[in-house]
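The sequence lines fix the lettering, A, B, ..., with proteins before strands; numbering per chain opens at 1.
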Number of protein chains: 2
Amino acid sequence: MRRTRQVTILSVAAAAGVSKSTVSRVMNGTPTVDPEIVTRVRDVATRLGYRPSGTAQNLSRGRTGIVGVLVPDLANPLFAAILKGISAEAEKDGYRTLVADANEQPGEELRHLHELARQSDGLILCGPRMSTPDLAGLSELDEPIVVVNRKPARSLFPSVTVDSQEAVDALCRHLDALGHTRLCYLAGPAEAAAESDRWSALQSSIRSRTKLLRIPAGAMLDDGHAAADEALATGATCLIGFNDLVALGALARLQELGFAVPDRVSVAGFDDIVYARYTSPGLTTIAMPQTEFGQEAWRLLSPFLQGRKGRRTRTLQARLVIRPSTGPAPMRG
Amino acid sequence: MRRTRQVTILSVAAAAGVSKSTVSRVMNGTPTVDPEIVTRVRDVATRLGYRPSGTAQNLSRGRTGIVGVLVPDLANPLFAAILKGISAEAEKDGYRTLVADANEQPGEELRHLHELARQSDGLILCGPRMSTPDLAGLSELDEPIVVVNRKPARSLFPSVTVDSQEAVDALCRHLDALGHTRLCYLAGPAEAAAESDRWSALQSSIRSRTKLLRIPAGAMLDDGHAAADEALATGATCLIGFNDLVALGALARLQELGFAVPDRVSVAGFDDIVYARYTSPGLTTIAMPQTEFGQEAWRLLSPFLQGRKGRRTRTLQARLVIRPSTGPAPMRG
DNA sequence: CTACGGTCAGGAACCGGTTCCTGACCGCCC
DNA sequence: GGGCGGTCAGGAACCGGTTCCTGACCGTAG
C-alpha cells in the first residue's frame with residue numbers, strides 16, 4: 001500500500017464517465033444500475049487494474065471483517081488446532097483472523113490485545129494467562145470478546161469451556177486399575193486457568209489409597225523434559241503432564257534415561273495433540289475438543305459482531321484416550 | 001467496532017476545548033504543543049476512554065502496519081516456527097501478522113492472498129503451492145511480496161531459499177556408511193517446490209551402488225502413515241520422508257507393524273521440527289533454519305515496505321542432524 | 001397535454017483520523 | 001513604539017471508499 005494509491009475509485013469513475021457513487025454501486029453489485037453502465041465500469045476497472053482499498057472500505061463500512069485471536073503459544077498444536085477451527089468457521093462468515101502469539105509470556109498479552117483491538121471487530125482469547133483484573137479491564141475495549149478454556153472468565157465474557165472432570169475420573173480409575181498408587185503431576189504455568197482446573201480435577205478424582213504429588217514444570221516440551229528427573233525422584237509410577245507437550249517432553253527424557261515406558265513408568269497428558277498419537281509409545285491423554293473449541297468460540301462471538309445478543313457459555317466434554325504409554329504399575333521393590 | 005464509534009477525536013476535542021488537530025498532535029506526541037494543553041487533552045482522553053480508530057489511522061496514514069502471511073498448513077510445526085520468526089521480527093518494526101492457512105489446498109491460496117492483500121502492506125508466502133503463472137500474476141497486487149522456500153520464484157520476487165544439497169550429500173554419505181543401498185523416498189505434494197528440490201538433491205547425491213525409489217505420500221502425518229506399507233514393500237532399508245511429518249507418520253506405522261527402528265528399517269526426514277527430537281527414536285533429519293527463514297523473510301520485505309530498494313535473495317544453509325532413527329542396514333535376509 | 005409515479009445517476013455528507021497551511025499572538029530588537 | 005521572526009493552535013483538505021438524498025428523465029394514465 002503506497003502513501004497514495006495509483007488507481008482509485010475516482011480514476012475509474014473518470015475513465016468510465018460516471019460518478020464514484022456509481023462505481024461503488026457497480027463494485028458492490030447493487031442491482032439498480034443500468035446493465036450497460038455495469039459492463040462499462042467493470043471493463044474500465046479491470047483494464048485499469050482497480051482494486052478497492054480495504055482500509056477505506058473498513059472505515060466507511062464501520063467494520064474490518066477481522067477477528068483478533070490471542071494464543072499463548074502457536075507452537076503448541078493445541079492452539080494451532082483451535083486457531084484452525086476459528087479460521088475455518090469465521091471464514092464462512094467472511095471474517096479473517098489476526099493472530100497474536102504471546103510466547104507464553106503473560107505480561108505480553110495485554111499489549112497484544114490492545115494492538116489486535118485496533119484492527120479487529122472482535123477478539124477471541126485462547127487460554128489467556130493474564131490476571132483476572134487485567135481480563136476484566138478488557139471490557140473497556142468495548143469490542144465483543146470470547147474466552148476459550150478459562151472457566152473463571154465465564155462471568156466476564158462469553159466463554160467456551162471444557163468439562164474434564166469425568167474424563168479425569170476415568171483416567172484415575174484407569175490408573176488405579178493398573179495398580180498405580182503414586183502419581184506425579186507435572187504442573188503447568190500458574191497463570192493458566194487450565195492448570196488449576198486440571199490439578200483440582202485430579203485431586204478430587206484420585207482414590208484414597210493413591211498419593212498425588214506435584215512438581216512444577218511448565219507448558220512446553222522442554223519444561224517436561226527438564227522436570228522429568230525430579231518427577232522420577234518422587235518414586236511415582238505414573239507421570240501426568242499439564243499438557244501433552246509436557247508429557248511428551250518427559251517421555252523423551254525417560255527414554256533417554258533408559259526408563260521403559262510403560263513398563264517402568266507410565267505417562268499421561270492432557271489435550272490429545274496430534275503427536276500424542278504418533279509418538280511411541282502412543283500417549284494416554286485427556287482429549288480436548290480442539291477444532292470444536294474454535295468453532296464454538298466463533299459461534300459465540302458471531303452474533304455479537306452483528307450487534308445481536310448471543311448465548312454466553314458453551315461447555316464441551318473432554319474424554320479419555322487410552323494409549324500404550326500407560327500400563328500396569330511395576331511390582332514393588 | 002460499532003457502525004459509528006462512541007468517542008471520537010471530535011468528542012475529545014470538544015471536551016478539551018481544542019481542535020481535533022491538536023488532539024491528534026497530542027496523541028501522536030508531536031512536540032510542538034503547549035505542555036498544559038497536552039496534559040489537559042491527555043486527561044480528557046483517558047477520562048472519556050478515547051481510543052483512536054485504527055482503521056481511520058490506517059486510511060489517513062496510508063499504511064496498515066500489517067503483513068500478510070500465507071502458509072500451507074499451520075499444523076505443520078515448520079510453518080508455525082517460520083511464522084514465529086516473522087512475527088517476532090516484524091513486531092520490532094511495529095508490524096503485525098495476518099495469517100492465512102491454506103490447509104494444503106493449492107487452489108485456495110490465490111483467494112486467500114487477495115483477501116490478505118486488502119488488509120496488508122506486504123505479503124510473505126511460505127512455500128506456496130500455487131502454480132508459477134499464478135505466482136507471477138501476484139505482481140498485479142502491487143504490494144511488496146517475499147517468497148520463502150521456493151527457489152523457482154527467485155526471479156519473480158525477493159526470496160529466502162535454502163541450500164540443502166550439502167546436507168543431503170552428508171545424509172547420503174551417512175546412509176552409505178551404514179550400508180544402506182536401497183532407499184525409499186516418500187514424496188511430498190507435487191505442487192511444493194521443496195518436493196522437487198529435495199528429490200533432485202537426493203538423486204544427485206546417492207552413491208552409484210545405491211538404488212533410490214520413490215513412493216507418493218504427501219505433506220502430513222497421515223500421509224506418511226498411509227504410505228509406509230507401500231514403502232516397506234519396496235524392500236528399502238531406509239525411508240526418507242518429504243518432511244518430518246511424513247517421516248514421523250511412517251515411523252509410527254513401522255512401530256505399529258513391529259518393525260524395529262533403526263534395527264530393521266531406518267527413517268529420515270526434512271525440516272527438523274521440534275518433535276523430531278522428541279520422538280523415540282529421535283529422527284535423523286535435514287534441519288531447515290526455521291526461525292531464520294522467518295527473520296530473513298522479514299528483513300527482505302522490510303525495506304520495500306518503506307519504499308526503499310532491498311536485496312532480492314537470501315540463501316540459508318540446511319544441515320544434517322543425525323539421531324537414532326538411522327542405524328546400520330540389517331544384514332541381507 | 002399535463003400530472004404523477006417510478007427508476008436510476010450524481011452530489012454531498014460521512015466514516016475518523018493526519019497533516020499542510022495559515023494566521024494570531026508573543027517577545028525581541030532596533 | 002513599531003517591525004520582524006518564531007511558536008503553536010485552528011481550519012481545511014485529504015485518505016478512498018459508502019450511502020443517503022435529490023432531482024432529472026422516462027412512461028403511463030387521466
Side-chain angles (χ1 to χ4, degrees), chain A residues 1-42 44-45 48-65 117-121 142-143, chain B residues 1-42 44-45 48-66 94 117-121 142-143:
Chain A
M1 180 181 292
R2 300 213 182 78
R3 177 65 187 81
T4 125
R5 296 165 67 88
Q6 54 301 11
V7 36
T8 72
I9 200 172
L10 276 179
S11 343
V12 179
V18 297
S19 74
K20 62 175 190 163
S21 331
T22 299
V23 177
S24 172
R25 282 187 280 254
V26 170
M27 299 309 289
N28 292 301
T30 309
T32 71
V33 184
D34 186 323
E36 191 211 335
I37 296 189
V38 171
T39 57
R40 179 153 43 106
V41 170
R42 283 256 151 75
V44 172
L48 298 185
Y50 170 60
R51 333 190 64 255
S53 151
T55 306
Q57 291 180 319
N58 289 346
L59 181 59
S60 59
R61 288 177 179 159
R63 44 157 274 179
T64 62
R118 289 186 59 248
Q119 313 262 18
S120 61
D121 300 340
D142 65 4
E143 263 194 29
Chain B
M1 180 181 292
R2 298 213 183 78
R3 177 67 187 78
T4 125
R5 295 165 67 87
Q6 54 301 13
V7 36
T8 71
I9 199 171
L10 276 180
S11 345
V12 178
V18 298
S19 74
K20 62 177 191 161
S21 333
T22 299
V23 176
S24 172
R25 281 186 282 252
V26 170
M27 299 309 289
N28 291 299
T30 309
T32 71
V33 184
D34 186 324
E36 193 211 334
I37 296 188
V38 171
T39 57
R40 179 151 45 105
V41 171
R42 284 256 152 77
V44 172
L48 298 185
Y50 170 61
R51 335 191 62 258
S53 151
T55 306
Q57 291 181 320
N58 289 346
L59 181 59
S60 60
R61 289 177 178 157
R63 44 156 274 177
T64 62
I66 290 183
R118 289 187 58 249
Q119 314 263 17
S120 61
D121 300 340
D142 66 3
E143 263 194 29

Measure from [atom1] on [X] to [atom2] on [N] and round the result to the nearest Å.
X        : N      : atom1 : atom2 : answer
B/Lys20  : D/dG11 : NZ    : P     : 11 Å
A/Asn58  : C/dG16 : CG    : P     : 13 Å
A/Arg40  : C/dC8  : CZ    : C1'   : 14 Å
A/Asp34  : D/dC25 : CG    : P     : 16 Å
A/Leu59  : D/dT19 : CG    : P     : 12 Å
A/Gln57  : D/dT18 : CD    : P     : 5 Å
B/Gln119 : D/dG17 : CD    : P     : 13 Å
B/Arg25  : C/dG17 : CZ    : P     : 15 Å

Where the side chain of B/Ile9 is defined as all heavy atoms beyond and including C-beta, which of D/dG10, C/dG17, D/dT18 is the nearest nucleotide? C/dG17

Listed nucleotide nearest any side-chain atom of A/Ser19, set C/dG10, C/dT18, C/dC15: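 Taking heavy atoms from C-beta onward, the closest nucleotide is C/dG10.
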
OP1 or OP2 of [N] under 4.0 Å from side-chain N/O of [X]:
X       : N      : result
A/Thr22 : C/dG10 : yes
B/Thr8  : C/dG16 : no
B/Ser53 : C/dG17 : no

Any base atoms under 4.0 Å from [X], or only sugar-phosphate, or nothing? Heavy atoms, all strands.
X       : answer
B/Leu10 : nothing
A/Ser21 : base
B/Val23 : nothing
B/Thr32 : sugar-phosphate

I'd like to know if the side chain of B/Arg25 and the backbone of B/Val38 have a donor-acceptor N/O pair within less than 3.5 Å. no

A/Glu36 backbone acceptor or donor facing A/Asp34 side chain under 3.5 Å: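 Here the side-chain-to-backbone pair exists.
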
Sub-4.5 Å side-chain heavy-atom contact between B/Gln57 and A/Arg118: yes

Out of B/Val33, B/Val12, B/Asn28, which residue meets the side-chain contact (heavy atoms from CB on, under 4.5 Å) rule with B/Val23? B/Val12

Are A/Asn58 and B/Gln119 close enough that a side-chain donor and a side-chain acceptor fall under 3.5 Å? yes

Pick the closest DNA chain D nucleotide for B/Ala56 and for B/Gly17 by heavy atoms, then say which residue is nearer the 5' end.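 Final value for this comparison: B/Gly17.
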
